[in-house]
There are 2 protein chains.
Amino acid sequence: MTTAAPAPVPASGGRDLPHPATGEIRLESVLHALSDPMRLRIVRELAAEGDELSCSQFGLPVTKSTTTHHFRVLREAGVIRQVYRGTAKMNGLRKDDLDDLFPGLLDGVLAAADRQALRLGDG
Amino acid sequence: MTTAAPAPVPASGGRDLPHPATGEIRLESVLHALSDPMRLRIVRELAAEGDELSCSQFGLPVTKSTTTHHFRVLREAGVIRQVYRGTAKMNGLRKDDLDDLFPGLLDGVLAAADRQALRLGDG
DNA sequence: CCCGTAGTACGACGAGTACCGTACGACCTG
DNA sequence: CAGGTCGTACGGTACTCGTCGTACTACGGG
């Protein structure tokens with residue numbers, strides 16, 4: 001009831017991605033997903049934009065294959081939601097679900113990341 | 001400047017452990033350290049006790065070697081502080097340093113862990 | 001001094017992961 | 001339909017990690 005819509009034939013073709021239900025999200029998986037610099041960077045950009053972004057819009061310094069891999073890890077951990085929109089795959093933060101499950105966690109991590117970026121002159 | 005005392009011959013023998021200075025703590029390392037169930041369990045117990053505990057007091061379901069490994073990871077990530085006290089090695093959470101560096105992060109993770117433990121009937 | 005206890009060091013092993021390249025599939029546009 | 005773009009799948013490689021066992025060191029007590 002919380003999430004996990006039965007995917008009633010999305011608007012696009014018939015391509016839908018498997019997402020964990022809200023209740024299935026494990027804290028350890030979220031922390032692990034966020035502990036990779038590349039993925040933390042993705043999540044930070046996503047949070048900064050506040051909207052959905054396509055995979056190729058992040059300008060990550062890795063190949064497409066690796067990019068796909070990182071987005072998959074984030075999706076399977078329940079951190080992001082992915083939806084096809086034509087040929088592009090739009091990525092959105094699952095902030096609502098995460099906040100419902102672990103209030104303050106995402107904001108805490110994001111604030112910590114911002115703080116560290118500032119401290120290291122990377123912000 | 002903040003921490004990293006020059007270790008002026010501790011009270012015990014001459015055994016001191018290398019800890020990262022407060023400014024050297026990296027968010028990714030902290031998240032990675034916390035993303036392991038065994039280590040998250042250690043940190044939760046440490047936070048619940050609020051005081052220093054020896055390594056052997058945690059009754060972890062792994063061997064001594066593995067226990068040593070996990071405590072080392074936590075120490076090198078800057079999550080805990082370890083001090084020798086006779087033959088025992090006392091472990092304490094670096095809550096002050098962590099809160100100074102990443103306000104709300106540790107509390108957020110701890111709260112999330114409590115919540116999940118309750119939800120899964122493990123608390 | 002000898003022994004027991006607490007923890008370390010080192011080597012090993014299996015599993016997972018971050019990365020790549022290439023080949024492929026899905027979709028839009030001409 | 002042909003071609004271009006976006007992303008996937010698969011296979012491979014090198015590295016990390018969690019775990020163990022055994023041998024070892026440090027400290028305290030009889």
Side-chain angles (χ1 to χ4, degrees), chain A residues 7 9-19 26 28-43 46 52-77 79-92, chain B residues 7 9-19 26 28-43 46 52-77 79-92:
Chain A
V9 183
S12 209
R15 285 195 290 172
D16 57 335
L17 291 313
H19 291 76
R26 300 288 266 102
E28 296 90 331
S29 304
V30 172
L31 293 179
H32 172 247
L34 261 28
S35 73
D36 182 272
M38 209 66 67
R39 291 193 292 258
L40 184 56
R41 171 173 165 171
I42 292 173
V43 171
L46 229 30
E52 297 187 323
L53 289 174
S54 76
C55 291
S56 53
Q57 243 161 326
F58 291 85
L60 297 177
V62 291
T63 64
K64 283 194 300 178
S65 312
T66 306
T67 300
T68 296
H69 163 67
H70 284 308
F71 277 104
R72 179 205 293 266
V73 171
L74 285 170
R75 187 189 70 234
E76 291 182 345
V79 178
I80 65 172
R81 189 179 285 112
Q82 298 189 292
V83 184
Y84 278 105
R85 193 184 191 84
T87 86
K89 190 162 68 171
M90 306 309 286
N91 304 278
Chain B
V9 184
S12 210
R15 284 196 292 171
D16 57 335
L17 291 313
H19 291 75
R26 299 288 267 102
E28 296 91 331
S29 304
V30 172
L31 293 178
H32 172 247
L34 261 29
S35 74
D36 181 271
M38 209 66 68
R39 290 193 292 260
L40 185 55
R41 170 173 166 171
I42 291 173
V43 170
L46 229 31
E52 296 187 325
L53 289 175
S54 76
C55 291
S56 52
Q57 243 160 326
F58 290 85
L60 297 177
V62 290
T63 64
K64 283 194 301 178
S65 311
T66 307
T67 301
T68 296
H69 165 68
H70 284 310
F71 277 105
R72 180 206 293 268
V73 172
L74 285 171
R75 187 189 70 235
E76 292 183 343
V79 178
I80 65 172
R81 189 179 285 113
Q82 298 189 292
V83 184
Y84 278 107
R85 192 185 191 83
T87 86
K89 190 161 70 172
M90 307 309 287
N91 305 277

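Within every chain, numbering begins at 1; the chains are lettered A, B, ... in the order of the sequence lines, protein sequences first and strands thereafter. Side chains included, hydrogens not; waters and symmetry mates left out as well; all remaining heavy atoms used.
- Shown for residues 52-63 of chain B: residues whose heavy atoms fall under 4.0 angstrom of DNA chain D, namely V62(B), T63(B).
- Looking only at side-chain heavy atoms (C-beta outward), R85(A) and S54(A) stay at 4.5 Å or farther from each other.
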Spell out protein contact along nucleotides 11-16 of chain D as letters: B when the base is contacted, S when just the sugar-phosphate is, - when no protein heavy atom is under 4.0 Å; keep the 5' to 3' order.
-> ------
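- One interatomic measurement links the two molecules: CG of L31(A) to P of dC17(D), which rounds to 16 Å at whole-angstrom precision.
- Taking both residues in full, the closest heavy atoms of E28(B) and S35(A) are given as CB-O, 3.6 Å, listed atom of the first, atom of the second, then distance.
- For L74(A) and dA18(C), the CG to P distance is 10 Å, given to the nearest whole Å.
- For the pair C55(A) and Q82(A), the tightest heavy-atom approach, listed with the atom from each and the gap, is SG-NE2, 4.2 Å.
- Ranked by how close their nearest DNA chain D nucleotide is to the 5' end, R72(A) and A88(A) are led by A88(A).
- Separating the NZ atom of K89(B) from the C1' atom of dG28(D) is a distance of 18 Å, rounded to the nearest angstrom.
- Heavy atoms only, all atoms of each residue included: A33(B) and A77(B) are closest at CB-CB, 3.8 Å.
- Within residues 64-71 of chain A, the residues that have a heavy atom under 4.0 Å from DNA chain C are, in order of number, S65(A), T66(A), H69(A), H70(A).
- With values rounded to the nearest 0.5 angstrom, H32(A) atom NE2 is found 10.0 Å from D36(B) atom CG.
- Using a 4.5 Å heavy-atom threshold, the side chains of F58(B) and T67(B) count as separate.
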Run the side-chain contact (heavy atoms from CB on, under 4.5 Å) check on H70(A) and L60(A) step by step: do they pass?
-> CA-CA 11 Å; H70(A) 284 308; L60(A) 297 177; 5.6 Å; no
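- For T68(B) and S65(B), the side-chain atoms include no donor-acceptor pair closer than 3.5 Å.
- If you take CZ of R85(A) and P of dC27(C), they are 15 Å apart, rounded to a whole angstrom.
- By the 4.5 Å heavy-atom criterion applied to side chains, E52(A) and Q57(A) are not counted as neighbours.
- Only D36(B), M38(B), R39(B), listed by number, bring a heavy atom of residues 35-43 of chain B to less than 4.0 angstrom from any atom of DNA chain D.
- By the side-chain contact (heavy atoms from CB on, under 4.5 Å) test, P61(B) pairs with M38(B), R41(B), sequence neighbours left out.
- Residues V43(A) and L34(A) share a closest heavy-atom pair of CG2-CD1, 3.9 Å.
- For residues 63-73 of chain A, the salt bridge (charged side-chain N to carboxylate O under 4.0 Å, His left out) pairs, not counting sequence neighbours, are R72(A)-E76(A).
- Within the 4.5 Å cutoff, side-chain heavy atoms of H69(A) are placed close to those of V73(A).
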